[in-house]
Amino acid sequence: MKNALIFGLTGQDGTYLAKFLLDKGYNVSGTFRRTSHKCFERLEEISIFDKVTTIKADLADYGSIQSAIKKSMPDEIYNLAAQSFVGASFQQPILTSDITGLGVLRILEAVKENTPDAKFYQASSSEMYGNYIGIKNEESPFIPRSPYGVAKVFAHNISNHYREAYNIFACCGILFNHESPLRGLEFVTRKISWTLAEIKLGKQKKLKLGNIYAKRDWGFAGDYVEAMWMMLQQKNPDDYVIATGESHSVEEFLTLATDYAGLGDWHDFVEIDQSVMRPTDIEDLVGDASKAKEKIGWKSKTSFKELVKKMVEHDIEYHKSHSLSF
Ligand code: NDP
Ligand code: GDP
């Protein structure tokens, strides 16, 4: 039985990946941060909390990273931990650089010193491309437009460096946006599906949004975690873009979601909120995942429409069965 260690177990991707690896027969350990409230809702929601080993570790703290690695003795390490919200990175640029950027170097150092043969996956991001116009694949330049994007470029480059300099089996998945019913509530897709469900059930009247013309390449997180695992099963480490190949605007997501929720015309309840606008935003992100398709045989399975429907239906059901929101 192989051992896997997931940094960022409690997040959207950590939860889907843990389920995926458990189904493959892995012994799964994952890290969580100390908080004043419970942080295992996602693992509980898909009923896997009692099947994984949880280890307390923070990417700001080298000792706790090293100890997580020594305790789990992993064959495969997946780093999904990050301050992952672009919007917050403008307000907390130093924290974002420390966790999303330097945190990855802390893990790589701990891997080099303790388990140099372990395979390592780094969660790189389409945010690294910024507003670069043209095909976004593994060869395209990174021109990040947010502190988050800048930190991810550092993490990507340092992972590549450890691969080259120390022979660490490090792979970076350059993932475009991926969503699900487990997505954080501040990301635009989940904010929409969650608030529409509240409006439908009379718990909320307005939905406040920022730049609804921005376009993203949105896939389903459940499909994307499989790509992470596939990368680590190859003979040689490499980097891969993971994307659907089509982009849609926030407005399109909103229109479709409003339709699935049966709420008529979104103009009746949506307000544009200047405070959600970013100092710099990326207008359109669409990825070219041809390399992943050709070399590792991965392709996105869930369509945009299926994704929107899944999220809206989940949140309506959730609000019907919970009187309080978390
Ligand atoms: P989430 O925000 O859902 O999960 C992030 C995880 O990181 C959580 O488990 C969080 O813990 C943990 N974390 C945050 N800060 C620290 C810290 N200081 N020390 C240790 N752990 C920490 O993100 P996703 O699951 O959506 O994304 C997974 C990874 O993929 C992230 O690195 C993200 O940047 C990257 N990515 C995501 C994309 C997407 O569209 N989802 C696209 C491209 C890249 P807690 O639960 O306590 O907050
Ligand atoms: P990101 O691509 O990782 O930044 O994912 P988000 O879901 O946070 O944002 C996607 C796009 O939606 C960005 O261009 C945002 O500016 C835009 N957007 C428009 N309104 C909102 C909003 O209310 N919240 C968020 N998070 N993004 C919004």
Side-chain angles (χ1 to χ4, degrees), residues 6-18 30-35 37-43 55-61 64-65 68 78-90 95-96 98-100 102-104 106-107 121-128 145-146 148-149 151-152 155-156 172-180 182-192 195 207-221 224-225 228 241-243 247-251 253-254 270-273 275-285 287:
I6 303 174
F7 285 95
L9 170 73
T10 57
Q12 168 188 259
D13 291 6
T15 302
Y16 280 111
L17 179 65
T31 67
F32 69 101
R33 295 188 285 171
R34 195 212 75 83
T35 47
H37 57 93
K38 73 187 188 101
C39 58
F40 299 119
E41 292 102 341
R42 290 183 173 106
L43 298 165
I55 304 173
K56 207 179 285 174
D58 197 302
L59 255 53
D61 185 78
S64 67
I65 293 170
Y78 295 85
N79 176 37
L80 310 179
Q83 188 304 92
S84 67
F85 185 43
V86 173
S89 79
F90 291 102
L95 174 108
T96 303
D98 190 23
I99 303 307
T100 308
L102 263 186
V104 182
R106 292 188 188 102
I107 300 179
Y121 173 84
Q122 165 57 17
S124 289
S125 164
S126 53
E127 273 288 320
M128 301 189 307
R145 293 202 97 205
S146 64
Y148 169 84
K152 282 287 184 188
H156 182 89
C172 299
I174 308 172
L175 271 55
F176 282 63
N177 295 49
H178 44 281
E179 319 294 311
S180 76
L182 300 182
R183 184 64 145 145
L185 294 178
E186 71 268 72
F187 294 90
V188 75
T189 55
R190 189 76 198 285
K191 182 176 173 183
I192 292 173
T195 313
L207 166 59
K208 293 183 177 183
L209 293 172
N211 177 11
I212 60 168
Y213 305 111
K215 293 171 103 181
R216 289 292 182 274
D217 181 334
W218 280 300
F220 171 52
Y224 284 39
V225 296
M228 300 173 186
V241 163
I242 299 298
S247 70
H248 298 271
S249 65
V250 174
E251 187 180 15
F253 190 105
L254 172 65
V270 169
E271 272 177 14
I272 299 301
D273 179 359
S275 71
V276 192
M277 302 281 187
R278 298 170 182 179
T280 47
D281 203 355
I282 300 179
E283 289 312 316
D284 191 0
L285 276 176

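Both ligands and their constituent atoms are indexed starting at 1 by order of listing.
- With salt bridges taken as basic N to acidic carboxylate O contacts below 4.0 Å, one links D98 and R106.
- Of all non-hydrogen atoms in W218 and S249, the two that sit nearest each other are CZ3-O, 3.7 Å.
- Contacts between D273 and ligand 2, counted as non-hydrogen atom pairs separated by less than 4.0 Å, are absent for every part of the residue.
- With hydrogens and angles ignored, the 3.5 Å screen pairs no side-chain donor or acceptor of K208 with any backbone N or O of S275.
- Nearest heavy-atom pair across Q12 and S180 is OE1-OG, 2.9 Å.
- Residue D281 has at least one N or O atom closer than 3.5 Å to an N or O atom of ligand 2.
- No heavy atom of Y148 sits closer than 4.0 Å to any atom of ligand 2.
- Between D281 and R216 a salt bridge is recorded (basic side-chain N to carboxylate O distance below 4.0 Å).
- Looking only at protein heavy atoms, the nearest one to atom 23 (O) of ligand 2 is K191 NZ, 2.7 Å.
- The minimum heavy-atom distance between L80 and A123, with the atom names listed, is CD2-CB, 4.1 Å.
- Using cut-offs of 30° and 60° on the angle between ring planes, the pair Y78 and Y121 is tilted.
- Set against the non-hydrogen atoms of A214, the atoms of ligand 2 under 4.0 Å away are 14 (O).
- When all heavy atoms of L207 and K191 are compared, the closest pair comes out as CD1-O, 4.1 Å.
- Between V276 and ligand 2, not a single N/O pair is under 3.5 Å apart.
- A donor-acceptor pair shorter than 3.5 Å cannot be found between the side chains of D217 and H248.
- For ligand 2, the polar-atom distance check finds an N/O of E186 within less than 3.5 Å of one of the ligand's N/O atoms.
- The side-chain tip of R183 points at the ring of F187 from less than 6.0 angstrom away and within 45° of straight on.
- Of all protein heavy atoms, the one lying nearest to atom 1 (P) of ligand 2 is N177 ND2, 3.6 Å.
- For atom 17 (C) of ligand 2, the nearest non-hydrogen atom of the protein is N211 O, 3.7 Å.
- When each atom of ligand 2 is checked for a heavy atom of V86 under 4.0 Å away, the hits are 3 (O), 4 (O).
- Protein residues are said to neighbour a ligand when one of their heavy atoms lies under 4.0 Å from it; for ligand 1 these are G8, T10, G11, Q12, D13, R33, A57, D58, L59, L80, A81, A82, S84, I99, A123, S124, S125, Y148, K152, L175, F176, N177, H178, R183.
- Of all non-hydrogen atoms in M277 and N211, the two that sit nearest each other are SD-N, 3.6 Å.
- Closest heavy-atom approach to atom 6 (P) of ligand 2 among the candidates R216, R278, K215: R278.
- With a heavy-atom cut-off of 4.0 Å, V188 touches ligand 2 through backbone and side chain alike.
- Side-chain atoms of Q83 and S89 include no donor-acceptor pair closer than 3.5 Å.
- Among protein heavy atoms, atom 12 (O) of ligand 2 sits closest to V250 CG2, 3.4 Å.
- Atom 20 (N) of ligand 2 has as its closest protein heavy atom G210 N, 2.8 Å.
- Between G210 and I272, the shortest heavy-atom distance links the atoms O-CD1, 3.7 Å.
- Contact annotation: for L209 versus ligand 2, heavy atoms closer than 4.0 Å belong to both the backbone and the side chain.
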